[in-house]
Asker: 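Got a structure here, written out as structure tokens. Questions coming.
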Amino acid sequence: MKTGAFFGELKRRNVLRAGAFYAAAIWALAQGIAFATAYQWRGSLLTSSGDLAGGLASLERASALDPRSLVVGENHAFALRSLGRDAEAKALCMRILVFAPEYVGCMDDIAMADLQLRDYAGARSMLERLAATLNPSAAVMGRELTD
């Protein structure tokens with residue numbers, strides 16, 4: 001692959017943007033600027049690149065800095081689920097739903113964690129809640145199809 005095509009492919013896949021976010025996060029953290037978003041960016045990028053333990057550590061720090069951030073919490077839960085820590089991911093998202101009851105990102109994480117934990121009734125209940133939040137008429141149709 002020629003250099004131009006290579007950089008075109010990186011741009012198409014949004015890799016350069018992800019790299020810029022990572023670079024900005026690393027710079028901010030190196031300067032001693034402790035803000036949740038930098039840790040969240042770093043943690044999400046580490047997790048998606050396969051460094052699950054490093055990603056989780058960054059996301060735990062982000063959660064400690066901003067425990068009410070929906071995005072940080074959802075990414076933290078995803079990292080936990082990636083490590084097979086489904087019960088912890090579910091508990092984290094349940095805490096988020098206390099103050100953000102219509103946050104579909106955590107509804108999805110809870111349903112997936114329930115499936116991994118073989119709590120099929122819990123997964124179904126959360127998926128119905130998710131559907132009702134996204135589209136109330138779809139929730140009714142979904143129940144008719146699964147009953």
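Fair warning: this is a prediction, and the values are worked out from it, not measured in the lab.
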Asker: Listing request: all side chain to side chain donor-acceptor pair (under 3.5 Å) pairs with a residue in residues 62-72, at least two apart in sequence or in separate chains.
Answerer: Ser63-His76
Asker: My understanding is that only residues two or more places apart in sequence, or in another chain, count here; which of them pass salt bridge (Lys or Arg N to Asp or Glu O under 4.0 Å) with Asp119?
Answerer: Lys90
Asker: Please report the shortest heavy-atom distance between Cys93 and Ala77, naming the atom on each side.
Answerer: SG-CB, 3.6 Å
Asker: Would you give the length of the straight line joining atom CG of Asp86 to atom CE of Met112, rounded to the nearest 0.5 angstrom?
Answerer: 11.0 Å
Asker: Is there a chain of hydrophobic side chains (I, L, V, M, F, W, Y, each step under 4.5 Å between heavy atoms) that links Val104 to Leu97?
Answerer: yes
Asker: Under 4.5 Å between side-chain heavy atoms, hopping through other hydrophobics if needed: is there a path connecting Tyr120 to Met126?
Answerer: yes
Asker: State which residues pass side chain to side chain contact (heavy atoms under 4.5 Å, CB included) with Glu88; sequence neighbours excluded, sorted by chain then number.
Answerer: Leu80, Arg85
Asker: Which distance, rounded to the nearest 0.5 Å, do you find between the CD of Glu74 and the CE of Met107?
Answerer: 11.5 Å
Asker: Just distance, no hydrogens or angles: give the donor-acceptor pairs under 3.5 Å from side chains in residues 47-57, sequence neighbours left out.
Answerer:
from	atom 1	to	atom 2	distance (Å)
Thr47	OG1	Gly43	O	2.8
Ser48	OG	Ser44	O	3.2
Ser48	OG	Leu45	O	3.1
Ser49	OG	Leu45	O	3.1
Ser49	OG	Leu46	O	3.0
Asp51	OD1	Gly54	N	2.8

Asker: Grab the two heavy atoms, one from Ser58 and one from Arg42, that are nearest each other, plus how far apart they are.
Answerer: OG-NH1, 2.6 Å
Asker: Would Tyr39 end up clustered with Leu83 when hydrophobic side chains under 4.5 Å apart are linked, directly or stepwise?
Answerer: no
Asker: With rounding to the nearest 0.5 angstrom, report the OG to CD distance, Ser125 to Glu128.
Answerer: 6.5 Å
Asker: Sub-3.5 Å donor-acceptor pair from the side chain of Ser82 to the main-chain atoms of Phe78, do we have one?
Answerer: yes
Asker: What are the two closest non-hydrogen atoms of Leu59 and Ala79, and how far apart are they?
Answerer: CD1-CB, 3.7 Å
Asker: Give every residue pair that meets the salt bridge (charged side-chain N to carboxylate O under 4.0 Å, His left out) criterion with at least one member in residues 96-112, sequence neighbours excluded.
Answerer: Arg81-Asp109
Asker: Would a hydrophobic clustering, with Ile, Leu, Val, Met, Phe, Trp and Tyr connected at side-chain separations under 4.5 Å, put Ile110 with Leu127?
Answerer: yes
Asker: Could you list the residues that satisfy side chain to side chain contact (heavy atoms under 4.5 Å, CB included) with Leu70, not counting sequence neighbours?
Answerer: Ile96, Phe99, Ala100, Tyr103
